[in-house]
K.L.:
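Take a look at the following structure, please.
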Amino acid sequence: MPRYAPSRIEPKWQEWWEANHTFVSPRLPGKKKRYILDMFPYPSGDGLHVGHPEGYTATDIVSRFERMRGTSVMHPMGFDAFGLPAEEHAIRTGTPPAESTKRNIDTFRRQLKMLGFSYDWSREVATTDPGYVRWTQWIFLVLFDTWFDTTENRGRPISELPIPADVAAEGDRAVARYRDEHRLAFQSEAPVNWCPALGTVLANEEVVGGVSERGGHPVVRMPLRQWMLRITAYADRLDRELDGLAWPESIKKLQRDWIGRSTGAEVDFFIGECHGDTPADESFAAWQQTRKADGFPGKPTDDALRVYTTRPDTLYGVTAMVVAPEHPAVERLTRPEARGAVEAYREAASRKSDLDRTDLAREKSGVFTGSFCRHPLDGRLVPIWVADYVLASYGTGAIMSVPAHDSRDHEFAVAFGLGIVPVISPADGGEAELPFTAHGIAVNSGPYDGLATAAFLERVGSDLHSAGLGQPAVNYKLRDWLFSRQRFWGEPFPILHELDADGRETGVVRPVPESELPVPLPVLSDYKPGNTPDPPLSRANDDWLYVELDGVRYRRETNTMPQWAGSCWYELRFLDPLNSERFVDAEVERAWMPVDLYVGGAEHAVLHLLYARFWHKVLHDRGFVSWPEPFGQLVNQGMILGEMEFTGYRHPQGGWLSAEQTRVHPTQPGVTIDRETGDEATSVRIPAEQVEKQSEHFVLRDAPKIRVDSRAYKMSKSRGNVVNPDKIVQEFGADSLRLYEMFMGPLEATKPWSTAGVGGVRSFLERCWRLVVDERADDLALSSAVCDDPADEPQLRELHRMLEKVTSDIETLSFNTAIAKMMEFVNFCTPLERRPRAILEPFVKALAPFAPHLAEELWQVLGLPAPVSLADWPAIDERYLRDDTVEIPVQVQGKLRGRVTIDADADADAMIAAATADPRIAELLEGKTIVKTIAVPGRMVNFVVR
RNA sequence: GCCGGAGUGGCGGAAUGGCAGACGCGACGGAUUCAAAAUCCGUUGCCCGCAAGGGCGUGUGGGUUCAAGUCCCACCUCCGGCACCA
């Protein structure tokens with residue numbers, strides 16, 4: 001009984017493809033190439049999730065389709081294998097991370113192969129492979145060897161960095177220090193996000209609302225020597241060069257917002273000698289003279305407080321200056337009588353974690369320094385305050401406070417009783433409610449009164465510039481990338497710290513020679529991070545830790561790189577994974593890059609995708625890659641939620657609580673309470689057959705007054721709604737899983753899982769099977785209905801319409817409608833008692849990218865030579881796409897009143913004639929005046945009557 | 001609070017401004033069967049009607065148009081992201 005048996009067919013063809021190297025890509029592409037890439041997974045211990053195959057199936061369909069069209073396809077897969085879970089597992093169990101990682105990769109590889117993806121497995125890489133780490137470290141050294149030339153707006157070799165004469169005069173050490181300060185990879189002592197629970201420092205991107213993104217542990221700020229990558233140098237290009245990319249606009253916007261480019265002006269406020277004194281009139285006048293003569297200095301001078309503002313048109317509304325607690329001028333600006341309060345405030349601010357700063361942010365805090373500065377335009381005295389709502393790390397670390405036109409400044413002014421002076425009135429002449437942050441017309445602004453905001457900005461910009469008081473400035477929210485981690489399971493930095501005779505670091509660093517890469521991870525007995533930010537690698541034995549080179553002793557860098565490092569360039573390594581001379585061969589890189597289609601989750605919108613673009617641009621500037629951007633087209637697949645659930649609520653005193661009488665607990669998100677009493681309700685999952693829909697809501701069948709919630713939830717272990725792909729493959733087969741995931745809805749949409757739906761596509765595949773195979777025969781045999789008759793006209797029409805739809809839908813990634821069209825085709829063929837090969841064979845080809853195992857098997861049963869996976873994509877004959885006659889709707893007053901059949905190419909007059917000839921329409925038009933007739937050829941007729 | 005995205009049958013979803021609900025799930029009916037499973041065929045937005053037919057329908061309220069799920073304005077709900085960046 002040869003029923004459709006995926007468990008027999010699928011392994012058979014997977015082995016065949018592997019044995020015949022069906023999907024191996026050539027070193028160089030032919031005439032047309034497509035590089036189709038999935039975001040490679042982190043191989044977690046849980047194995048593949050049903051979310052993974054969604055994007056992977058989409059790219060697999062496109063890859064298989066393109067191969068059948070004769071395109072050279074690059075479609076690799078690998079593993080982003082460094083990461084915290086493996087290390088945490090190691091800490092708990094003592095298993096070296098390398099071992100558990102290998103095991104997890106083996107599981108992932110088995111699961112991916114089980115789904116029949118057409119990856120070129122000979123190109124597999126894991127970011128943890130020594131052969132891969134070597135080049136990650138090498139690229140780090142490229143960053144270390146690069147400085148950013150702001151005039152040319154590109155990275156250049158450090159050897160080309162111009163050395164100022166005064167630095168050169170100080171000698172080699174000074175020159176080395178100067179270079180170190182300008183490298184794209186540099187060390188910094190800035191405060192960092194230290195997470196005691198994870199025992200590591202985190203990047204800004206990994207801290208969400210003051211707690212770690214992973215695990216939600218508290219994060220505190222402390223100063224530490226860290227490696228930083230100067231991504232800010234590329235902020236402008238990372239922003240601008242998004243323009244040419246075929247990415248979703250929403251992702252581009254997320255990146256733009258993250259980069260946060262803003263334009264405005266830097267303005268200097270005179271503080272004089274300022275040891276807390278008020279600058280005198282005559283010294284202010286002298287300062288103004290000097291500035292007018294010498295212009296605006298590039299670096300702020302000690303006699304001025306420099307602010308950054310996007311609204312220099314509100315300059316006359318300034319009522320205070322506010323500087324960040326960490327601002328270097330605070331010391332000088334604080335008058336003796338305020339010193340105690342200011343010191344205390346700064347001390348408190350330095351100990352506040354980000355969590356405290358954001359949580360307490362609702363209430364503005366700050367202290368007055370006791371000193372004043374001079375307003376650059378009208379010379380008025382302006383008090384200087386310290387407040388932590390001003391960030392030291394943005395702009396100049398100081399702002400001019402304009403309470404009337406900035407909501408934060410407004411809150412601050414209200415809290416401390418500072419003046420509020422409106423200088424912009426609404427353009428419509430109405431009364432402004434303060435703070436009024438929109439554009440408008442200037443008032444109380446001296447010579448600028450009456451100017452519209454845009455004109456004001458232009459005028460005041462040039463006035464400030466010619467007076468030497470200000471200059472246009474651009475700022476970015478983006479911060480430099482904190483690139484070191486105090487963890488074990490990451491790439492070691494290929495950096496050596498020079499030691500003096502006493503074994504102390506001299507501050508001089510040198511790269512590990514290229515010939516000695518990769519720097520391997522040391523063998524440790526214990527992976528636990530310490531209580532201090534001292535990295536685990538510092539506990540390595542001396543053989544690893546200390547190195548002698550050219551007669552000098554060095555200690556290795558003991559920080560490791562973050563998980564993002566490996567994924568910053570893997571798209572390049574796939575092209576040439578075994579190259580031991582270069583990270584990727586130049587010819588190969590030029591031929592295959594950029595990635596033509598990149599599919600993955602939207603959660604990587606600002607992290608991975610920004611970092612990878614940054615590395616790519618550096619490699620491009622240094623001449624190692626030929627394109628400035630790695631990923632041409634990007635598509636985000638949507639999330640797959642668990643099955644739909646109905647949830648009812650039980651009252652603590654017993655009985656049901658209707659859903660609209662509940663709400664979520666204000667502080668505990670998982671808890672539902674009685675809206676009135678606040679009592680905690682118990683959530684109960686209700687089987688679908690016990691509910692019914694009543695107008696807008698679902699209610700209990702037995703108690704229709706009680707509403708229940710209906711929705712699908714994110715899959716999670718705790719909710720117990722995780723679907724395991726292994727089980728689905730076992731029960732339905734890989735082709736069914738692939739097809740179902742594509743049939744659920746649009747690729748980009750979030751959609752709920754339904755196991756019943758998998759059964760639906762499975763029965764479609766069974767219908768495909770019976771179209772070709774004789775299920776009643778004892779052995780695998782062709783159905784007797786399959787014949788060599790020529791296909792008739794209706795059959796060819798059905799076939800070519802299906803082919804046309806499937807082809808265009810794959811091109812637009814609309815797989816759900818492509819599958820629906822194939823289902824229609826099979827429904828058309830099933831009743832045929834004689835089924836011509838002429839329509840079956842092209843159908844099997846069209847099915848092949850979607851359900852490749854079944855297609856191969858059917859191809860073989862049809863007696864055709866394997867593999868159908870590389871057969872020519874069927875040609876579409878336009879002749880069969882057009883109808884001779886069409887049925888069109890006839891409307892009267894825009895309402896459908898009948899249908900008539902007309903020639904497909906009938907003109908408007910012929911259509912109207914046919915429509916009026918229809919007895920029903922004629923009846924409706926009887927006695928009415930036709931005011932207007934609309935006839936759209938081939939589409940419809942509409943009569944407007946009176 | 002700000003920025004995105006989405007609201008269409010019992011469910012997932014389809015629809016270049018031109019026949020709303022393709023396709024699938026579920027449900028119902030029929031054929032086949034001793035019976036069941038499987039399979040095949042059919043019906044299935046809601047309301048009125050024996051029927052022919054009619055009315056109402058794409059979150060809500062307005063608008064543009066001969067014609068709106070689709071375009072415009074206002075609002076509601078849900079999902080996702082950001083959150084003192086001057």
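By convention in this document, chain letters (A, B, ...) are assigned in the order of the sequence lines, proteins followed by strands, and residues within each chain are numbered from 1.
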K.L.:
Using purine N1 to pyrimidine N3 plus N6-O4 or O6-N4 for Watson-Crick, or N1-O2 and O6-N3 for G-U wobble, both under 3.5 Å, which nucleotide pairs with U43(B)?
P.N.:
A27(B)

K.L.:
Taking the side chain of Phe743(A) as heavy atoms from C-beta outward, which of U39(B), C84(B), G24(B) is closest to it?
P.N.:
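That would be G24(B).
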
K.L.:
Remember a base hit wins even if backbone is also touched, and classify Ile934(A) as base, sugar-phosphate or nothing at under 4.0 Å, heavy atoms.
P.N.:
base

K.L.:
Are OP1 or OP2 of G4(B) and a side-chain N or O of Lys253(A) less than 4.0 angstrom apart?
P.N.:
no

K.L.:
Closer than 4.0 Å, any side-chain N/O of Lys895(A) to the OP1 or OP2 of C56(B)?
P.N.:
yes

K.L.:
For nucleotides G7(B) and G12(B), find the distance between their P atoms and express it as a whole number of Å.
P.N.:
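Between the two P atoms, the distance is 11 Å.
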
K.L.:
Between A37(B) atom P and Arg762(A) atom CZ, what is the distance in whole Å?
P.N.:
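It is 18 Å, rounded to the nearest whole Å.
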
K.L.:
Given atom CD of Glu824(A) and atom P of A22(B), what is their separation to the nearest angstrom?
P.N.:
10 Å

K.L.:
Does Asn827(A) put a side-chain nitrogen or oxygen below 4.0 Å from OP1 or OP2 of G24(B)?
P.N.:
yes

K.L.:
Using atom P of each nucleotide, how far apart are U16(B) and C11(B) to the nearest Å?
P.N.:
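Their P atoms lie roughly 23 Å apart.
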
K.L.:
Quick one: look up who A20(B) pairs with, Watson-Crick or G-U, both distances under 3.5 Å, and put none if it's unpaired.
P.N.:
none

K.L.:
Who is the Watson-Crick or G-U wobble partner of A52(B), with both distances under 3.5 Å?
P.N.:
none

K.L.:
Using the side-chain heavy atoms of Thr830(A), tell me which of these nucleotides is nearest: G54(B), A86(B), C40(B).
P.N.:
C40(B)

K.L.:
Return the nearest nucleotide to the side chain of Val390(A); candidates are C66(B), A86(B), C11(B).
P.N.:
A86(B)

K.L.:
Could you measure between the two C1' atoms, the one in A27(B) and the one in A15(B), and give it in whole Å?
P.N.:
25 Å

K.L.:
Name the nucleic acid region contacted by Val944(A), choosing base, sugar-phosphate or nothing; use a 4.0 angstrom heavy-atom cut-off, strictly under.
P.N.:
sugar-phosphate

K.L.:
Looking only at the side chain of Leu254(A) (C-beta and beyond, no hydrogens), which of the listed nucleotides G81(B), G54(B), C11(B) gets closest?
P.N.:
G81(B)

K.L.:
Within the 4.0 Å heavy-atom criterion, would you say Arg261(A) contacts the bases, only the backbone, or no part of the nucleic acid?
P.N.:
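No contact.
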
K.L.:
For a quick check of understanding: with a heavy-atom distance under 4.0 Å over all strands, which category does Thr309(A) fall into, base, sugar-phosphate or nothing?
P.N.:
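Touches sugar-phosphate only.
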
K.L.:
What do the steps show when you test Thr647(A) against Arg685(A) for side-chain hydrogen bond (donor to acceptor under 3.5 Å, both in side chains), and what is the final call?
P.N.:
CA-CA 5 Å; Thr647(A) 311; Arg685(A) 189 156 172 190; over 6 Å; no

K.L.:
For C25(B), take OP1 and OP2 only and decide whether either is under 4.0 Å from a side-chain N or O of Ser763(A).
P.N.:
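It does, given that an N or O in the side chain of Ser763(A) lies less than 4.0 Å from OP1 or OP2 of C25(B).
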
K.L.:
Toward the 5' end of RNA chain B, which comes first, Met823(A) or Gly395(A), by nearest nucleotide?
P.N.:
Met823(A)

K.L.:
Tell me which nucleotide, if any, is Watson-Crick or G-U wobble paired with G9(B) when both distances must be under 3.5 Å.
P.N.:
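Checking every strand shown, G9(B) finds no partner, since no pair has both distances under 3.5 Å.
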
K.L.:
Using 30° and 60° as the class boundaries, would you call the ring planes of Phe416(A) and Trp385(A) parallel, tilted or perpendicular?
P.N.:
tilted

K.L.:
For the pair Tyr394(A) and Tyr308(A), name the ring-plane relationship: parallel under 30°, tilted 30 to 60°, perpendicular over 60°.
P.N.:
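Correct class here is perpendicular.
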
K.L.:
Just checking Met940(A): base, sugar-phosphate only, or nothing, at a heavy-atom cut-off of under 4.0 Å?
P.N.:
base

K.L.:
So if I take every side-chain heavy atom of Ile399(A) and compare against A86(B), C82(B), G81(B), which nucleotide ends up nearest?
P.N.:
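Within the option list, the nearest is A86(B).
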
K.L.:
Between Gly760(A) and Ala749(A), who's closer to the 5' end of RNA chain B by nearest nucleotide?
P.N.:
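This one resolves to Ala749(A).
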
K.L.:
Would you call the rings of Tyr4(A) and Trp769(A) parallel, tilted or perpendicular, taking 30° and 60° as the class edges?
P.N.:
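Ring orientation of Tyr4(A) relative to Trp769(A): tilted.
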
K.L.:
For A14(B) and Asn816(A) - does any side-chain N or O of the residue sit under 4.0 Å from the phosphate oxygens OP1/OP2?
P.N.:
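For A14(B), OP1/OP2 do have a side-chain N/O of Asn816(A) under 4.0 Å.
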
K.L.:
Report yes if at least one side-chain N or O of Arg920(A) is closer than 4.0 Å to OP1 or OP2 of G54(B); otherwise report no.
P.N.:
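So the side chain of Arg920(A) is within the cut-off, an N or O lying under 4.0 Å from OP1 or OP2 of G54(B).
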
K.L.:
Expressed as a whole number of angstroms, how long is the span from Ile251(A):CD1 to G81(B):C1'?
P.N.:
10 Å

K.L.:
OP1 or OP2 of A86(B) sitting under 4.0 Å from any side-chain N/O of Ser401(A)?
P.N.:
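Ser401(A) to A86(B) OP1/OP2: no side-chain N or O under 4.0 Å.
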
K.L.:
Return yes if a side-chain donor-acceptor contact under 3.5 Å exists between Thr755(A) and Glu643(A), otherwise no.
P.N.:
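On atom types as modelled, these side chains qualify, holding a pair under 3.5 Å.
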
K.L.:
Taking only side-chain N and O atoms of Arg767(A), does any of them lie within less than 4.0 angstrom of OP1 or OP2 on C40(B)?
P.N.:
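Yes, such a contact exists.
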
K.L.:
Describe the nucleic acid contact of Glu748(A) in one word from base, sugar-phosphate, nothing, applying a heavy-atom distance below 4.0 Å.
P.N.:
nothing

K.L.:
What's the gap between A20(B) and A14(B) when it is taken at their C1' atoms, as a whole Å value?
P.N.:
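Comparing C1' positions in A20(B) and A14(B) gives a spacing of 10 Å.
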
K.L.:
Side chain of Glu766(A): nearest nucleotide among C23(B), U39(B), A86(B)?
P.N.:
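Nucleotide nearest to Glu766(A)'s side chain: U39(B).
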
K.L.:
What is the distance, rounded to the nearest whole Å, between atom CD of Gln893(A) and atom C1' of G55(B)?
P.N.:
17 Å

K.L.:
Which whole number of Å gives the distance between the C1' atom of C34(B) and that of C28(B)?
P.N.:
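My reading of the C1' atoms in C34(B) and C28(B) gives 25 Å.
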
K.L.:
I want to check one thing: is the phosphate of U39(B), taken as OP1 and OP2, less than 4.0 Å away from some side-chain N or O of Arg776(A)?
P.N.:
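It does not, given that no N or O in the side chain of Arg776(A) lies less than 4.0 Å from OP1 or OP2 of U39(B).
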
K.L.:
For G61(B), which nucleotide is its Watson-Crick or G-U wobble mate, given both distances must be under 3.5 Å?
P.N.:
C73(B)

K.L.:
Taking only the P atom of each, what is the distance from U39(B) to C56(B) in whole angstrom?
P.N.:
42 Å

K.L.:
When we call it a touch if two heavy atoms are under 4.0 Å apart, what does Tyr476(A) touch: a base, just sugar-phosphate, or nothing?
P.N.:
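No contact.
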
K.L.:
Applying a 3.5 Å limit to both distances, which nucleotide forms a Watson-Crick or G-U wobble pair with C2(B)?
P.N.:
G81(B)

K.L.:
Using 4.0 Å as the upper bound for N to carboxylate O, is an ion pair formed by Glu645(A) and Arg719(A)?
P.N.:
yes

K.L.:
Classify Gln891(A) by what it touches in the nucleic acid, base, sugar-phosphate, or nothing, heavy-atom distance under 4.0 Å.
P.N.:
base

K.L.:
So does Asp883(A) pair up with Arg797(A), basic N to acidic O under 4.0 Å?
P.N.:
yes

K.L.:
Quick one: label Thr933(A) by what it contacts on the DNA or RNA (base, sugar-phosphate, nothing), any heavy atom closer than 4.0 Å.
P.N.:
nothing

K.L.:
Given Asp239(A), which partner from the list Arg256(A), Arg261(A), Lys477(A), Lys253(A) fulfils the salt bridge (charged side-chain N to carboxylate O under 4.0 Å, His left out) test?
P.N.:
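By the salt bridge (charged side-chain N to carboxylate O under 4.0 Å, His left out) criterion, Asp239(A) pairs with just one of Arg256(A), Arg261(A), Lys477(A), Lys253(A): Arg256(A).
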
K.L.:
By the 4.0 Å heavy-atom rule, please label Asp409(A) as base, sugar-phosphate, or nothing.
P.N.:
nothing

K.L.:
Determine whether any donor atom in the side chain of Lys364(A) lies under 3.5 Å from an acceptor atom in the base of C84(B), or the reverse, and answer yes or no.
P.N.:
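Indeed there is one.
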
K.L.:
Would you check if the distance from the ring center of Phe815(A) to the ring center of Phe743(A) is below 6.0 Å?
P.N.:
no

K.L.:
Does Arg711(A) place a side-chain N or O at less than 4.0 Å from the phosphate oxygens OP1/OP2 of C79(B)?
P.N.:
yes

